[in-house]
Amino acid sequence: MKHSLALARGFAPALAPALGLAATLRAVLLASAGSATAQDKFPSREVRLIVPWNAGGSNDIAARVLAPILAENGVRIIVDNVPGGTGTIGMGRVASANPDGYTLGMGTSSTLSMIAQNKTPLRNDQFAGIARVSSDPLMLLVKTDGAKDIDAFIAQMKANPGKVTIGTPGSYNINHIFATMTAKSAGVDYVNVPYPGGAKVITDLAGGQIDAAVLKPSESIAQIKAGQVKPIAIFDNQRLTVFPDVPTMKEKGFDVFPYGPVVQMAYIVGPAKMPPDVRKTLIDAFRKSIQDPRFKTFAAENGVLVDDLTGDALDAEVNAVQKSLNAVATQVFKGAE
């Protein structure tokens with residue numbers, strides 16, 4: 001027994017450094033684990049926001065206005081323009097992305113119209129709503145030296161059946177619906193000219209390559225102020241504060257909602273099945289940023305309507321708009337290819 005105790009006492013000095021090293025390693029490992037956990041907290045890097053339209057359009061502009069405000073609220077985004085297919089190409093990439101919160105997309109009613117007509121395999125249950133960015137009344141615009149008002153433009157369409165051109169960002173969407181309803185008001189055919197985004201539509205309208213365009217105020221206001229184009233009618237039931245002198249189609253006696261009301265809106269979504277805590281982080285950041293006075297000022301100056309619609313409530317609204325478009329788009333484009 002004494003021999004054993006002596007051995008133990010003899011080994012103690014030799015074991016001390018080893019035990020100290022083990023304790024140190026244990027502490028380092030625990031600290032590393034804590035550091036890794038802190039680094040992995042969402043978001044630990046930039047979030048890719050896919051805008052499925054060309055740069056310079058209204059959705060792209062809104063995303064870039066939001067970007068620095070979002071950064072202040074803990075989410076740094078990189079705007080990635082992926083145009084094509086009336087928004088379906090970019091949104092398809094969102095639907096198939098890893099649902100880790102690092103890939104988001106800007107959905108629009110135009111893409112919902114494509115879904116309504118089964119022109120895309122996309123479905124709304126492939127996405128999880130984050131926040132609505134805007135609701136945008138649409139306008140009919142002509143070049144400044146074009147038709148003086150909507151009555152003159154309708155007369156121009158009647159005098160040139162099947163020849164007047166109206167540009168829209170994409171086809172078979174809400175812009176296309178209103179262009180078609182304008183022609184129906186004149187009782188004649190027309191030529192729809194689809195583009196991959198509003199920026200190119202307004203450029204060609206200002207250059208005289210097309211006769212008219214259906215666009216949002218936000219993607220045409222610069223050219224309106226520059227005197228290159230002018231709005232002649234609003235596709236809504238009330239006039240816009242930013243353009244109080246421009247009449248609505250309704251007040252001029254033209255019914256552009258014969259199959260029910262439709263709304264153009266833009267909203268942020270991620271892939272379905274995002275972790276609840278990740279989705280909540282994104283909802284909180286986008287809500288705070290959209291309600292920021294700086295973004296609201298931008299919205300007011302560009303004829304954009306902003307509300308506070310997020311998460312499950314946004315999903316319900318998207319489904320409601322989808323239901324309306326299922327009826328409206330199908331009727332308007334019946335037999336059209």
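Note that this is a predicted model, so its numbers are computed, not measured.
- Residues passing the side chain to side chain donor-acceptor pair (under 3.5 Å) test with D284, sequence neighbours excluded: K280.
- N319 approaches N124 most closely through the heavy-atom pair OD1-CB, 3.9 Å.
- Here V191 pairs with T165, V193 under the side-chain contact (heavy atoms from CB on, under 4.5 Å) rule; sequence neighbours left out.
- Looking at residues two or more places apart in sequence or on another chain, you find no salt bridge (charged side-chain N to carboxylate O under 4.0 Å, His left out) involving D245.
- One finds a salt bridge joining R64 and D60 here, because a Lys/Arg side-chain nitrogen approaches an Asp/Glu carboxylate oxygen to under 4.0 Å.
- Exactly one of S110, S134, S58, S135 qualifies for a side-chain hydrogen bond (donor to acceptor under 3.5 Å, both in side chains) with Q264. That residue is S110.
- Of all the heavy atoms in A71 and R76, the pair that sits closest is CB-CG, 4.2 Å.
- A salt bridge is absent between D255 and K250: the closest approach of a Lys/Arg side-chain nitrogen to an acidic carboxylate oxygen does not fall below 4.0 angstrom.
- Cation-pi geometry between R48 and Y102 is not met: the NZ or CZ atom fails to fall both under 6.0 Å from the ring centre and inside 45° of the normal.
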### Task
Dump the intermediate steps for salt bridge (Lys or Arg N to Asp or Glu O under 4.0 Å) on R239 and E251, then the final yes or no.
CA-CA 9 Å; R239 295 192 181 196; E251 68 184 87; 2.6 Å; yes
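- For R279, the salt bridge (charged side-chain N to carboxylate O under 4.0 Å, His left out) partners at least two apart in sequence or on another chain are D312, D315.
- Counting all heavy atoms, side chain and backbone alike, V79 lies closest to A63 at CG2-CB, 4.1 Å.
- Residues K230 and L141 are not in side-chain contact: their nearest non-hydrogen atoms beyond the backbone lie 4.5 Å or more apart.
- Closest of all the heavy-atom pairs between I290 and V133 is CD1-CA, 4.0 Å.
- Ion pairing between a basic and an acidic side chain is recognised when a charged N comes within 4.0 Å of a carboxylate O; E219 and K200 show no such pairing.
- Taking 4.5 Å as the limit, every side-chain heavy atom of M265 sits out of range of all side-chain heavy atoms of D136.
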### Message
As a quick check of understanding, evaluate salt bridge (Lys or Arg N to Asp or Glu O under 4.0 Å) for D125 and R123, giving each step before the final call.
### Response
CA-CA 6 Å; D125 60 9; R123 291 296 177 264; over 6 Å; no
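- Judged as a ring pair (Phe, Tyr, Trp, His ring centres under 6.0 Å), the pairs with a partner in residues 194-245 (not counting sequence neighbours) are, in order, F178-F235.
- For the residue pair T297 / E301, no side-chain donor-acceptor distance below 3.5 Å is found, with atom types taken as modelled.
- Not a single side-chain contact (heavy atoms from CB on, under 4.5 Å) links A222 to another residue, sequence neighbours left out.
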